[in-house]
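Only one structure is covered here, and it is reproduced in the block below.
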Amino acid sequence: MPLNCSSSASRVPHILGGLKTTATTRVGGGGVLFNFFNKTHQNNSLCIASLPLNKRNDSQRFCLSSSSSVMEGIKDSGFSTQEIEKYSKELDIAVRAVQMACSLCQKVQESLISKTNSQVQAKDDNSPVTVADWSVQATVSWILSETLGSRSVAIVAEEDVQTLSKPDSAGLLEAVVQTVNDCLAEAPRFGLKAPGTILGSTEVLEAISHCNSAGGPSGRFWALDPVDGTLGFVRGDQYAVALALIEDGEVVLGVLGCPNYPMRKEWLSYHHRYHRIISKLTPPTSESWDKGCVIYARRGSGEAWMQPLIQGHKKLVWPNSATPVRVSTVENPALATFCEPVEKANSSHSFTAGLAHSVGLRKQPLRVYSMVKYAAIARGDAEVFMKFARAGYKEKIWDHAAGVLIIQEAGGVVTDAGGCPLNFSKGMYLEGLDRGIIACAGVKLHEKIIKAVDASWNSSSL
Ligand SMILES: Nc1ncnc2c1ncn2[C@@H]1O[C@H](COP(=O)(O)OS(=O)(=O)O)[C@@H](OP(=O)(O)O)[C@H]1O
Ligand SMILES: [Mg+2]
Ligand SMILES: [Mg+2]
Ligand SMILES: [Mg+2]
């Protein structure tokens, strides 16, 4: 495993976690138990998710239905209240905020697709940005600040207010302010408080520009990608809302909202665009059709959870139900599926095709926009994710933090191509990343790919 990782990065917690938790045993047991759980106690997933699975007794697993009963339940757990409570409030708020953001995005995506003149802007690097990117950033920033206290909330996020503040962007800013207010007015459906008065453009711009933390090795900050895979978003395809909490350089919470990634993968045809999918497939009942999902994990819990989107279910209001997700147990490369970015410009398709051939991956690659690729691995829908950006491109922490933690807690392995964990402690970039990113459902597949990279790197043109 990792050979030349720097000292702080030399631990590979996800691999140890996978061995320690004997993933397959737990998944098997958990599957049966959680069927029972889902039938009887639908509303407690977030509270329970904050307790490590191996630290819970049966009643704590299945009979907690509110925060107060969580507090009663942990009295005999042998763990200090402080330890078990750590991050539970932050996780709860982060999931609600991402649920709201997904709802916002669904509405904006629908209107983008139905309009002929799209409101898509180009940034300096020619990448797209939309009303949804700014609106989600403002909304999540506002919610985190309101619920956790604005002074203590540091956020690193993708968007800034430069374009929005230009005099000729008044219409765009107006659309963002309207979208943010429409979304925040719905806060009570998600168990959160709506603002007392409508936010003006100054407050919305402030909320966006509040996300100006530089990140770094110490203290606590959030990493937010308001819309990851904006290209997929504007094309009516896959995208994600990604929120992670990073403390002292380690990702401690990860939440991924995937508005077009159904709870049941049978409803997803990766080879058809979203608007074609919905026109072709007619779900049998609204209950079984959950168009999107939110997946989340807490560091060290050894588990990851998935909720349906509130928006998809008009009837659903908070609290929401959740089910555990786990990586695939497939180890045979011939049976494994690998995912990669859709755009060749973002990752070399020819290099990964060579790797796939040399390790015996035989299936067609699954090319999906955004961190939905991380979600696919965590849920067991695919086994491998590889990204090899062009030389000189620096990966940003918000493009990976939430997904990496979720895969690790779901039992998978994520490193750079040198086998080292990704380093989230160096500011907004993943500094020191060795060649590319490799995420796998299991250690065996991961080792094979790392070896294959070493064998083929020198002869590649990367
Ligand atoms: N040149 C280059 N190389 C590698 N990566 C880049 C590059 N340019 C941009 N980005 C970042 O890639 C994010 C989208 O990644 P995806 O995996 O979704 O790529 S793809 O759209 O499926 O091709 C995308 O995230 P969003 O901007 O949030 O969409 C970018 O942060
Ligand atoms: Mg992104
Ligand atoms: Mg983005
Ligand atoms: Mg972008």
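Whatever order the structure lists ligands and atoms in, that order sets their numbers, starting from 1. The basis for the numbers below is simple: all heavy atoms, side chains too, and nothing from hydrogens, waters or symmetry mates.
Atom OD1 is the N, O or S atom of Asp399 at the shortest distance from the Mg ion (ligand 2).
Taking Lys444 as the reference, Glu331 meet the salt bridge (charged side-chain N to carboxylate O under 4.0 Å, His left out) condition, with sequence neighbours excluded.
Remark: the Glu340 side chain and the Ser347 side chain contain no N/O donor-acceptor pair separated by less than 3.5 Å. There is a side-chain donor-acceptor pair under 3.5 Å between Gln307 and Gln99.
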Quick one: side chains of residues 431-438, donor-acceptor pairs under 3.5 Å with protein atoms, not counting sequence neighbours, listed by atom name and distance.
{"unit_1": "Glu431", "atom_1": "OE2", "unit_2": "Lys394", "atom_2": "NZ", "d": "3.4"}
{"unit_1": "Arg435", "atom_1": "NH1", "unit_2": "Asp454", "atom_2": "OD1", "d": "3.1"}
{"unit_1": "Arg435", "atom_1": "NH2", "unit_2": "Asp454", "atom_2": "OD1", "d": "3.2"}

Exercise answer: donor-acceptor pairs, residues 194-201 side-chain atoms, under 3.5 Å, sequence neighbours excluded:
none

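The existence of a salt bridge linking Glu247 and Arg299 is excluded, since no basic side-chain nitrogen approaches an acidic carboxylate oxygen closer than 4.0 Å.
Listed by chain and number, the protein N, O or S atoms at a distance under 2.8 Å from the Mg ion (ligand 4) are Glu158 OE2.
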